[in-house]
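Comments concern the structure below.
Please read these numbers as outputs of a predicted model, since none were measured by experiment.
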Amino acid sequence: MKVCILGTGAYGIALGLILNENKHEVKMWTKFEEEANYLNQKRVSPNLKNILIDKEITISTNLENSIKNADLIIIAVPAGVVNSVAQELKNYITENQHICIASKGIEQDTCLFVSDVVNKYIDSDKISVISGPTFAIDVAHKVPIGLSLASINNETVKIVKQALQNNHVKLRETTDILGIEICGSIKNVIAIAAGMLDGMGLPISTQAMLITESLNDIKELIDALGGNKNTILSYAGFGDILLTCTSSKSRNFSFGHLIGAKTSQKEINNYIETTTIEGLYTLNSIYKLINHKKVEMPIIDLIYDIIYNNKPVDELLSFLVEK
């Protein structure tokens with residue numbers, strides 16, 4: 001099978017390693033010439049130390065050539081640039097090609113989930129979403145991992161499973177694309193709050209309290225927006241929330257830790273400028289979305305107020321106990 005991955009970040013490269021391991025022909029695309037040259041020459045990503053990029057994987061800045069004849073196109077760029085990538089992709093994609101979205105988040109201006117952004121430019125039902133408790137470094141090290149795979153197209157499900165599944169990668173199927181995307185987006189925001197608790201020196205018992213309260217809130221959000229609330233029990237739901245809310249490997253958790261530890265604003269701003277924090281991007285979107293839809297989700301309101309309205313971080317504790 002021929003597969004093209006859009007995006008050469010750590011997660012995209014990790015997926016590329018799985019595809020290559022499964023004996024598929026892999027092409028990767030980045031719009032940055034400097035990044036493509038570096039990866040082609042060094043064959044290692046600065047975000048995945050000591051992990052070599054297989055020589056069979058080609059990396060290019062030519063989108064048309066990269067997706068030409070690909071059976072499957074995997075979108076693994078940051079949520080904030082999916083719109084521009086999808087807009088360009090529509091010029092070259094054919095009706096026979098399948099899409100798998102690995103990006104997570106909600107577009108800020110429109111409050112659209114990633115699959116909706118893609119559908120805005122590409123009218124196809126051959127679209128799927130993968131999400132689950134998987135850090136790129138762990139995927140690259142080929143440890144056992146589980147992912148939720150959502151699509152309404154059976155052929156697309158078959159193609160994605162053929163591409164990615166093997167003796168250490170497990171995919172669980174669902175048709176609830178919306179529920180999977182809600183979980184995959186909002187878990188990054190909850191991870192910021194979990195990091196705040198860690199930064200305040202609180203133990204994992206308190207973080208478990210936050211996770212439990214958040215799971216119930218997310219379940220109700222999924223239901224309110226038209227998804228299947230049982231999706232909260234999937235890899236994309238409980239699995240990914242557990243992972244990102246308890247690990248310092250999560251950039252969202254680490255960002256929250258800085259706030260909880262009352263680090264200087266200068267250091268916090270430096271972290272924001274030098275690190276991709278998907279939860280921070282998604283916080284603005286989900287805050288706008290729940291207010292627009294008139295869905296109550298106080299934990300989101302509180303995280304937003306702590307980060308943007310100077311509300312004391314200690315109020316997170318009062319909220320958990322009094323909620």
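In summary, Arg43 and Asp54 do not engage in a salt bridge, as defined by a charged side-chain N under 4.0 Å from a carboxylate O.
In this structure, the separation between CE on Met297 and CG on Leu302 is 12.0 Å, given to the nearest 0.5 Å. Here Lys161 contributes atom NZ and Cys100 contributes atom SG; the two are 13.0 Å apart, rounded to the nearest 0.5 Å. The OG atom of Ser84 sits 11.0 Å away from atom CG of Leu89, with the distance rounded to the nearest 0.5 Å. The structure places CD of Glu21 at 12.0 Å from CD of Glu56, a figure rounded to the nearest 0.5 Å. In this structure, CG in Leu164 is found 8.5 Å from CE in Met1, a value given to the nearest 0.5 Å. In this structure, Ile57 CD1 and Ile13 CD1 are separated by 8.0 Å, a value rounded to the nearest 0.5 Å.
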Before you tell me yes or no, could you show the steps for Thr174 and Leu149 under side-chain contact (heavy atoms from CB on, under 4.5 Å), namely the whole-Å CA-CA distance, both residues' side-chain angles and the distance that decides it to 0.1 Å?
CA-CA 6 Å; Thr174 177; Leu149 166 60; over 6 Å; no
Apply the test side-chain hydrogen bond (donor to acceptor under 3.5 Å, both in side chains) to residues Gln41 and Asn37: give CA-CA distance (whole Å), side-chain angles for both, the deciding distance (0.1 Å), then the verdict.
CA-CA 6 Å; Gln41 291 169 14; Asn37 291 337; 5.2 Å; no
Show, in sequence, the C-alpha distance, side-chain angles and deciding distance for Asp125 and Thr156, and conclude whether the side-chain contact (heavy atoms from CB on, under 4.5 Å) test is met.
CA-CA 9 Å; Asp125 69 346; Thr156 300; 6.0 Å; no
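With sequence neighbours left out, Asp123 forms a side chain to side chain donor-acceptor pair (under 3.5 Å) with no residue at all. Scanning for side chain to side chain donor-acceptor pair (under 3.5 Å) contacts around Glu34 gives an empty result, with sequence neighbours left out. Residues meeting the side chain to side chain donor-acceptor pair (under 3.5 Å) test with Asn228, sequence neighbours left out: none. Residues satisfying the side chain to side chain donor-acceptor pair (under 3.5 Å) test with Asp176, not counting sequence neighbours, are Thr231.
Applying the side chain to side chain donor-acceptor pair (under 3.5 Å) test to every pair with at least one member in residues 295-307, sequence neighbours left out, gives these pairs: Asp305-Asn309. Under the ring pair (Phe, Tyr, Trp, His ring centres under 6.0 Å) criterion, no residue pair touches residues 232-272, with sequence neighbours excluded. Annotation: side chain to side chain donor-acceptor pair (under 3.5 Å) contacts involving residues 4-16, sequence neighbours excluded, comprise Thr8-Glu35, Tyr11-Thr134.
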Let me check something: any side-chain donor-acceptor pairs from residues 139-146 under 3.5 Å, sequence neighbours excluded? List them with distances.
unit_1 : atom_1 : unit_2 : atom_2 : d
His141 : ND1    : Ile137 : O      : 3.1

May I have the list of side-chain donor-acceptor pairs in residues 66-76 shorter than 3.5 Å, sequence neighbours left out?
unit_1 : atom_1 : unit_2 : atom_2 : d
Ser66  : OG     : Asn62  : O      : 2.7
Asp71  : OD2    : Lys2   : N      : 2.8

Enumerate donor-acceptor pairs with a distance under 3.5 Å from any side-chain N or O in residues 216-227 to protein atoms, sequence neighbours excluded.
unit_1 : atom_1 : unit_2 : atom_2 : d
Asn216 : ND2    : Thr212 : O      : 3.0
Asp217 : OD1    : Lys323 : NZ     : 3.3

Kindly list each side-chain donor-acceptor pair under 3.5 angstrom involving residues 277-285, sequence neighbours excluded, with atom names and distances?
unit_1 : atom_1 : unit_2 : atom_2 : d
Glu278 : OE2    : Ala79  : N      : 3.4
Tyr281 : OH     : Gln108 : N      : 3.4
Thr282 : OG1    : Glu278 : O      : 2.9
Asn284 : ND2    : Leu280 : O      : 3.0
Asn284 : ND2    : Tyr308 : OH     : 3.0
Ser285 : OG     : Ile106 : O      : 2.6
Ser285 : OG     : Tyr281 : O      : 3.4

Using residues 177-191 as the side-chain source, report each donor-acceptor pair under 3.5 Å to any protein atom, sequence neighbours left out, with the distance given to one decimal.
unit_1 : atom_1 : unit_2 : atom_2 : d
Glu181 : OE1    : Ser115 : N      : 3.3
Glu181 : OE1    : Ser115 : OG     : 2.4
Glu181 : OE2    : Val114 : N      : 3.2
Glu181 : OE2    : Ser115 : N      : 3.2
Ser185 : OG     : Gly105 : N      : 3.2
Ser185 : OG     : Gly105 : O      : 3.4
Ser185 : OG     : Glu181 : O      : 2.8
Asn188 : OD1    : Asn252 : ND2    : 3.0

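When all heavy atoms of Ala194 and Cys245 are compared, the closest pair comes out as CB-O, 3.3 Å. Of all heavy-atom pairs spanning Val82 and Val77, the tightest one is CG2-CG2, 3.8 Å. Summarising the geometry of Gln87 relative to Asn91, their closest heavy-atom pair is O-ND2, 3.7 Å, with the distance given to 0.1 Å. Taking every heavy atom of both residues into account, Asn65 and Lys27 meet most closely at O-NZ, 3.6 Å. Closest non-hydrogen pair, Lys90 versus Tyr121, comes out as CB-O, 3.6 Å. Minimum heavy-atom separation, Gly239 to Pro133: O-CB, 3.3 Å.
Residue Lys31 qualifies as open at atom NZ: its count of foreign heavy atoms under 6.0 Å is 12 or below.
The backbone N or O of Asn270 sits less than 3.5 Å from a side-chain atom of Thr274, completing a donor-acceptor pair.
The shortest distance between side-chain heavy atoms of Leu197 and Leu316 falls below 4.5 Å. A 4.5 Å side-chain heavy-atom check between Leu48 and Ile53 finds every atom pair outside the cut-off. Residues Lys158 and Glu173 have side chains not in contact (no heavy-atom distance under 4.5 Å, counting atoms from C-beta outward).
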